[in-house]
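Chain identifiers are assigned alphabetically (A, B, ...) following the order of the sequence lines, protein sequences preceding nucleic acid strands; residue numbering begins at 1 within each chain.
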2 protein chains.
Amino acid sequence: MSGSQERAREVGRTRGPEPGAAAGRIDVSSRIRSDIIQGRIEPGTKLREVALAERYEVSRIPIREALRSLEAEGLVESRKYSGSIVAPSPVEDAEDLFEIRTVLEAATAKRAAKRASELIAGEAPGPGWRAQRKEISDILDAGDIVIGQERYEELAVLNMRFHFAVAELSGSLSFISLLRQISGKIEWLYSLNVTRRGPQAWPEHREIIAAIDAGQQAEAAEVMARHVRRSRDSYFAMMAERPHAT
Amino acid sequence: MSGSQERAREVGRTRGPEPGAAAGRIDVSSRIRSDIIQGRIEPGTKLREVALAERYEVSRIPIREALRSLEAEGLVESRKYSGSIVAPSPVEDAEDLFEIRTVLEAATAKRAAKRASELIAGEAPGPGWRAQRKEISDILDAGDIVIGQERYEELAVLNMRFHFAVAELSGSLSFISLLRQISGKIEWLYSLNVTRRGPQAWPEHREIIAAIDAGQQAEAAEVMARHVRRSRDSYFAMMAERPHAT
DNA sequence: AAGCATTATTTTGTATACAAAATGCTAATG
DNA sequence: CATTAGCATTTTGTATACAAAATAATGCTT
């Protein structure tokens, strides 16, 4: 690999970036993702790299890498030499997304129950079980408290945490990463409507955990599937009432 | 043509990179992915950007973007300021990967059957149906020919194409992109063993399509699930015979 | 004036240069 | 001798500079 090293270039001492330009920053891709999900950037918007670079006060390089990640999540669509645009609103994919959640989460519940049954049989369920199981109890308790105090807005994040906690209880990294893949679109979907599923759905979580704890794989899968389908029905019922802002 | 305009365009000759440096190149990320899947780079290997840049004869920028994509596929693991390494061999995740395929592909078969039932009912199944359905027939025929001529090595790629074609027949982009997400690891899994599933599995594909064409959703899902599970069993039977090179 | 070829302009893609963090090594100290 | 503080090296992260492609604008021909 040769290369004409002799640039004979005036020493560019003037080159350094403004000191302090790179102030404390929180991962650009998260900020863009958030801006898309929260609707601060509309679907179809052309994401020009220089504009984003200015907006988030970084250069184009981090922007480009962030766009690659967001592309993998399906929040952004890119074509070579043609730039990136914000993906179309996920409302069209709502049915698919709920179906995906149904089958994947039923599988995670089943696997979690399998691990529990191993525990019951005296075998070791693998590392982390205790902590993961406790995490779920904490989430369930927190949900009850939140409901008792009628702070329903906080249920959404707890709900998300519960479902991911079950995935982690399954011990299967492949399922977790797949669920994480679609979580962006799921969040986006829900953020399109301020209303969320009411508190009456929360107790279903305890049924799911009961089946898992009992080591009943088929039961756990079925209860989880039913739970997600109800959440689907609730979503579409809501959409029927108040038309969405696509 | 009055006045030939000599636009002196060659002023800034100072900085240009070696001419011809960017020769015809085929997407770096595909090449790295291929090298990982084919085992030319072992799991756990530190992927240093400069080394990759030299190996693929590009600068670090395209390398970094490729690594982001591969990270999303789970073929590479990265930590900030700590670089990227090739993900561990997917053999440990084999069970999970087959389970994921089972539930996702059963769902795609079900949806494809649903579209077919709409066609039967006289409704329009949506755009692309005809072409997609024909594509499947072509693949099935090609497989029969290949088997007839005992060129079994070519079955692997046809098999992959068939399953993706069914996903496309479902008309659900979300499912397709999720399946594409794990396809890298699936390919990796299979490439670890030269042997593949024998030709006796091929006719099962026609059963799946038959159920879809008949618009029998539950049946299509079940047949597809059974098919993937058999492929799972076949894989593990093979692994039991000849120990893998982890 | 309409359609098309050609030239500007814009935007993405990539290479180089420099800064920041992590890693490894050396040496001083208990 | 083990440990650790400090320094040097290595490697990733990011900014700037330039090249290539696409898009917009211009002018020419019919």
Protein-nucleotide distance ([X], atom [atom1]; [N], atom [atom2]), rounded to Å:
| X | N | atom1 | atom2 | answer |
| --- | --- | --- | --- | --- |
| Tyr56(B) | dA15(C) | OH | P | 15 Å |
| Ile61(A) | dT16(D) | CD1 | P | 11 Å |
| Leu52(A) | dT14(D) | CG | C1' | 16 Å |
| Glu65(B) | dT14(D) | CD | P | 13 Å |

Phosphate contact (dT14(D) OP1 or OP2) by Ser59(A) side-chain N/O below 4.0 Å: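 Indeed not, no polar side-chain atom of Ser59(A) lies that close.
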Using ring-ring contact (aromatic ring centres under 6.0 Å, His included) as the criterion, list what pairs up with Phe164(A), not counting sequence neighbours. none
What pairs with Tyr235(A) under ring-ring contact (aromatic ring centres under 6.0 Å, His included), at least two apart in sequence or on another chain? Phe98(A)
Residues in salt bridge (Lys or Arg N to Asp or Glu O under 4.0 Å) with [X], at least two apart?
| X | value |
| --- | --- |
| Arg115(B) | none |
| Glu118(A) | none |
| Arg40(B) | Asp35(B) |

Closest approach of His205(A) and Leu140(A), non-hydrogen atoms and distance? CB-CD2, 3.5 Å
For nucleotides 8-12 of chain D, print each protein N/O atom paired with a nucleotide N/O atom at under 3.5 Å, atom names and distance only.
residue	atom	partner	partner atom	Å
dT11(D)	OP1	Arg48(B)	NE	2.9
dT12(D)	OP2	Glu49(B)	N	3.4
dT12(D)	O3'	Tyr81(B)	N	3.4

